[in-house]
Amino acid sequence: MSETSLITGEDGLVRPSWASSDALMQQYYDTEWGLPVRDEQGLYERICLEGFQAGLSWATILRKRPAFREAFADFDPDAVARFTDDDVERLMLNEGIVRNRAKINAAVTNARATISLRDEGGLAEFVWSFQPAETPAPVTYADIPSTSPESVALSKALRRRGFSFVGPTTMFALMEAVGIIDTHLVGSHRRGSSGVWPLPGA
């Protein structure tokens, strides 16, 4: 695994192999993955997309992201919270998204739960409160866990507040994606770029 975990691209930048073979994945890795997301709408979108990703590849979700944004009112929680059963049936006919009834219903449920969390400081403050004291420093994929004590705790806390499709593995992936932890491989050009975690030796 260590021999193929990192690849130096034609541009001279070092990336993990998952971000090196597909142009869309490379752009996502270079410009978005692991950078801090601290706004309600942004976090709601990523919780929804991570839920839709369960059992599928992230590349599939990324390619469908424009269609998801159109279908779910750009992931405006207030708009999605007003979706009715008729809206769910409409979305089940939308070939541009993942047509899974449970996941679509979860997006609506999670929009309503997001609104309810505003009384506790909001979704962003709530999710970021589970930031650990330290971040992993993986050298290979094998060094990256699929869950953490914090992702387990976040999953339980969100479920208590009415969220669904927020299991510990899904929440660990969310924490990676929005910068709460830094699981960029050591040696990647993105390692330490989020501004959340200091560079080694800094």
Side-chain angles (χ1 to χ4, degrees), residues 1-39 41-69 74-75 96-98 103 124 127-128 130-152 154-155 165-202:
M1 180 67 75
S2 61
E3 294 177 355
T4 59
S5 291
L6 288 173
I7 295 176
T8 302
E10 294 180 0
D11 55 7
L13 297 178
V14 179
R15 302 177 179 87
S17 54
W18 68 261
S20 301
S21 59
D22 180 279
L24 188 61
M25 292 287 278
Q26 180 176 311
Q27 180 186 29
Y28 173 68
Y29 181 80
D30 285 350
T31 64
E32 183 175 355
W33 189 73
L35 290 178
V37 177
R38 297 183 183 273
D39 65 289
Q41 191 163 337
L43 273 171
Y44 166 66
E45 174 184 5
R46 284 157 180 81
I47 287 174
C48 289
L49 293 180
E50 292 290 351
F52 275 106
Q53 187 269 333
L56 302 170
S57 72
W58 181 248
T60 296
I61 300 302
L62 206 54
R63 293 187 186 98
K64 292 177 176 288
R65 193 180 195 180
F68 272 114
R69 284 177 166 172
D74 206 28
F75 290 100
I97 66 171
V98 175
K103 293 177 180 180
V127 170
W128 275 86
F130 289 85
Q131 179 181 340
E134 297 180 347
T135 190
V139 176
T140 70
Y141 295 140
D143 298 328
I144 304 175
S146 59
T147 64
S148 67
E150 292 80 15
S151 78
V152 172
L154 174 59
S155 172
F165 275 90
V166 288
T169 300
T170 299
M171 289 303 93
F172 189 82
L174 175 78
M175 295 169 88
E176 293 179 289
V178 303
I180 295 176
I181 53 177
D182 185 351
T183 56
H184 289 288
L185 297 181
V186 173
S188 164
H189 83 96
R190 289 292 319 284
R191 178 74 192 174
S193 64
S194 69
V196 176
W197 299 99
L199 289 167

[X] versus [Y]: any side-chain heavy-atom pair under 4.5 Å?
X: L49; Y: W58; answer: yes
X: L154; Y: P168; answer: no
X: H189; Y: R15; answer: yes
X: V127; Y: L174; answer: yes
X: D11; Y: Q26; answer: yes

Look up atom [atom1] in [X] and atom [atom2] in [Y], then write down how far apart they are to the nearest 0.5 Å.
X: R190; Y: L35; atom1: CZ; atom2: CG; result: 4.5 Å
X: D182; Y: W197; atom1: CG; atom2: CH2; result: 9.0 Å
X: I180; Y: R38; atom1: CD1; atom2: CZ; result: 8.0 Å
X: I97; Y: I61; atom1: CD1; atom2: CD1; result: 10.0 Å
X: Y141; Y: L6; atom1: OH; atom2: CG; result: 7.0 Å
X: D22; Y: L62; atom1: CG; atom2: CG; result: 8.0 Å

Which atom names give the shortest non-hydrogen contact between [X] and [Y], and what distance separates them?
X: G51; Y: T170; result: N-CG2, 4.1 Å
X: G96; Y: A67; result: O-CB, 3.4 Å
X: S57; Y: T60; result: OG-OG1, 2.8 Å
X: V196; Y: W128; result: CG2-CH2, 4.0 Å
X: Y29; Y: H184; result: OH-ND1, 2.8 Å
X: P136; Y: P138; result: C-CD, 3.4 Å

Hey, is the main chain of [Y] close enough, under 3.5 Å, to the side chain of [X] for a donor-acceptor pair?
X: S151; Y: T147; result: no
X: E45; Y: R69; result: no
X: T140; Y: S5; result: no
X: D30; Y: Q27; result: no
X: K103; Y: A54; result: yes

Report task. Answer yes if the side chains of S188 and R191 hold a donor-acceptor pair under 3.5 Å, and no otherwise. Result ->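 Looking only at side-chain atoms, R191 and S188 do not form any donor-acceptor pair under 3.5 Å.
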**Report entry** Results of side chain to side chain contact (heavy atoms under 4.5 Å, CB included) for E32 - residues two or more places apart only
**Finding:**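 Listed in chain order: Y28, R46, R65.
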Query - Results of side chain to side chain contact (heavy atoms under 4.5 Å, CB included) for E176 - residues two or more places apart only - result: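 Once residues adjacent in sequence are excluded, the partners of E176 under the side chain to side chain contact (heavy atoms under 4.5 Å, CB included) criterion are W33, I144, F172, A173, I181, T183.
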Query - ring-ring contact (aromatic ring centres under 6.0 Å, His included) involving F68 - partner list, sequence neighbours excluded - result: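 With neighbours one apart ignored, the set is F52.
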Requested in this report: Show your reasoning for whether side-chain contact (heavy atoms from CB on, under 4.5 Å) applies to V98 and Q53.
Outcome: CA-CA 9 Å; V98 175; Q53 187 269 333; over 6 Å; no
